[in-house]
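Remarks on the structure that follows.
Residues take their numbers from the sequence shown, with the count starting at 1. Computed from heavy atoms alone, side chains included, the values below leave out hydrogens, waters and symmetry copies. Both counts, for ligands and for their atoms, begin at 1 and track the order of listing.
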Amino acid sequence: MARSMNPATSDDARATLASDADAADATLPPGPRAPGAVQALQWTRSPLPFLERCRRRHGDAFTIRVSHGGPWVVLCDPEDVKRVFTADPSSLAVSEPNAVLAPLLGRRSVMLLEEPEHMTRRRLVLPAFHGRHTEGYGDLMAEVARREVTRWPVGEPFELWPRMQAVTLEVVMRIVFGPVQSESLDRVRALLEQLTAWLNDPRRLAAIAVLGPGWLARNPGFRRARGRVEAAVLDEVRRRREGAGDGSDGNDVLSILAQARYEDGAPLTDKDLGDELITLLSDGPTSTSLAWAFERLLRHPDKLARLRDEVLDGEGDAYMDAVVRETLRLCPPVPVVVRRLREPMWLAGHRIAAGTTVAPCVYLMHRREDVYPEPGRFLPERFLGQAAGTYTWIPFGGGVRRCLAASFALQEMKRVIRTVLAEVALQPVGAGSEDVARSSIAFVPNRRGLVVVTGRAPGGPRTAGADETLPGLRAE
Ligand code: HEM
């Protein structure tokens, strides 16, 4: 319905009229007809099969109703995804559709800031993950992984995911706080572990999925656990600001952020610093991706043998790179990213109204038959000599909000896998592949990556440099 504009109308009223007219012109792609509550239940119980069913029935763009915040238009056509990732950043909002992350990361996290504040903050955080700051990270990652592997029992099944969580937490702790050992940092580590364990309790995960972020934000147990982490992190910030570096060389993220200044010369507030550091310390996707890499490799002995040969020969990392990319394709830890439109946008032949949530779907994009033949198979070979497509391989999202630690995470995955394969022989426990289960931040193997160590490299834990040619494994 067209409306005439009244010249005396206030700005607010004019905006309302404009968005009414906008909504009147707009259409949504088709989607399931079931009531929202039913769709929300399907989304909560088994989100990935739900997405696959919708795509089979409705195609590359469909509308689902799984949230109180209105419909989501799910997208898995590369052109549509490109349009979202390359849109003017100020035309997209993130904090509302990502509200589920706010209680954990904090509203002042770079991930939840709106433009233009987001870009300003991103520029402050980015250097910590690039250039000279990251030079020494590879050896650190290998050292942390090697120390972890020495603790693994031989011949006794154990879950790999928690062990990978321990590795990635230790790595990120050292990057955020520097090569510093102190009781106060041990406390931060212990409190972070408690917070992660609290969140990953299956009953609580179910409650968060059903009752939403509001329940989490109000829950006294969560508030206590998150509050303790924040207090301990801010304590560390204050100590660092007062000059108590405890041996920090100034290259750690905390030092970089504590010294960073906005263009007007203002430093980050304590609240901003706290939320930012907790965001980085909450790195969930890297440990789940590592758990998936081993889960897939151990169930494909030919691929595992090829990778181990490459590791032991010490020549290049082309196959390792392909294995990591294929793992992130097949088992992307973040299956969708979401944005709220601030302006109407043409997508999939529809003029989508401002206020609608659009969701570039990593999971469905990675399963496109035309881009990835036999998409359900674990085939690292598909990435050999073949660059990953900017808008078809999107485990780190895209555009100005692409994961700012993507190259760091890829490096970490490679160094950890390489170290583990050089130090121990692993076997999967249970014949079948593991299913997908939810964790607080990402999707994980449902048996948490159950494995057994069947052999160790001769001579026990190695301390030599990363480029040393590594001898074969001895069975025990
Ligand atoms: C395999 C590992 C990882 C995966 C798959 C991953 C995935 C993602 C994705 C999909 C996004 C975009 C979210 C969106 O568009 O809404 C993102 C953003 C982000 N990630 Fe990662 N991530 C990984 C590791 C890490 C690590 C190790 C860190 C830091 C220690 C990190 C820090 C961030 C931050 C700060 C953002 C927000 C960037 C911005 O908004 O400008 N990620 N990540």
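Under the 4.0 Å criterion applied to side-chain N and carboxylate O atoms, Glu310 and Arg306 are not assigned as salt-bridge partners. We find that Asp252 and Arg240 are joined by a salt bridge, their nearest charged nitrogen and carboxylate oxygen being less than 4.0 Å apart. Salt-bridge annotation for Lys303 and Glu381: present, with a side-chain N of the basic residue lying under 4.0 Å from a carboxylate O of the acidic one. With salt bridges taken as basic N to acidic carboxylate O contacts below 4.0 Å, one links Arg108 and Glu117. Using a cutoff of 4.0 Å between basic side-chain nitrogens and carboxylate oxygens, Asp275 and Arg226 are scored as salt-bridged.
Counting heavy atoms only, Ala405 comes closest to atom 31 (C) of ligand 1 of the residues Ala406, Pro89, Ala405, Ser109. The nearest non-hydrogen atom to atom 7 (C) of ligand 1, considering only Gly397, Gly399, Pro395, Gly398, comes from Pro395. Of the options His118, Met111, Glu276, the smallest heavy-atom separation from atom 39 (C) of ligand 1 is shown by His118.
The backbone N or O of Val172 sits nowhere less than 3.5 Å from a side-chain atom of Glu412 that would complete a donor-acceptor pair. A distance-only check finds no donor-acceptor pair linking the side chain of Arg296 to the backbone of Leu330 [under 3.5 Å].
The Ser289 neighbourhood of ligand 1 comprises atoms 1 (C), with distances under 4.0 Å to a heavy atom of that residue. Short contacts between ligand 1 and Arg339, defined as distances under 4.0 Å to a heavy atom of the residue, involve ligand atoms 14 (C), 15 (O), 16 (O). Distances below 4.0 Å separate heavy atoms of Leu280 from the following atoms of ligand 1: 29 (C), 30 (C).
If you check which protein heavy atom lies closest to atom 2 (C) of ligand 1, you get Thr286 OG1, 3.5 Å. Distance from atom 13 (C) of ligand 1 to its nearest protein heavy atom, with residue and atom name: Val337 CG1, 3.9 Å. Here the protein heavy atom with the shortest distance to atom 12 (C) of ligand 1 is Arg401 O, 3.5 Å. For atom 25 (C) of ligand 1, the closest non-hydrogen atom on the protein side is Cys403 SG, 3.7 Å. Protein heavy atom nearest atom 6 (C) of ligand 1, with residue, atom name and distance: Phe396 CD2, 3.7 Å. What sits closest to atom 27 (C) of ligand 1 on the protein, heavy atoms only, is Asp283 OD2, 3.2 Å.
Distances shorter than 4.0 angstrom do not occur between any heavy atom of Arg121 and any atom of ligand 1. Not close to ligand 1: Glu412, with no non-hydrogen atom less than 4.0 angstrom away.
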Test side-chain contact (heavy atoms from CB on, under 4.5 Å) applied to Leu28 and His350, step by step: CA-CA 6 Å; Leu28 289 170; His350 296 262; 5.7 Å; no

From CA spacing to verdict: side-chain contact (heavy atoms from CB on, under 4.5 Å), Leu192, Met173: CA-CA 10 Å; Leu192 276 164; Met173 284 283 297; 4.1 Å; yes

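Counting heavy atoms closer than 4.0 Å to ligand 1, residue Val110 contributes atoms from both its backbone and its side chain. If you look at Arg122 next to ligand 1, the close heavy atoms, those under 4.0 Å, all belong to the side chain. Residue Pro333 touches ligand 1 through its side chain alone, judged by heavy-atom distances below 4.0 Å. Contacts with ligand 1 closer than 4.0 Å are made by side-chain heavy atoms of Val172 only, the backbone lying farther away.
Within the cation-pi definition used here (under 6.0 Å to the ring centroid, within 45° of the axis), Arg83 does not qualify as a partner of Trp346.
The side-chain heavy atoms of Glu230 and Leu234, taken from C-beta on, include a pair separated by under 4.5 Å.
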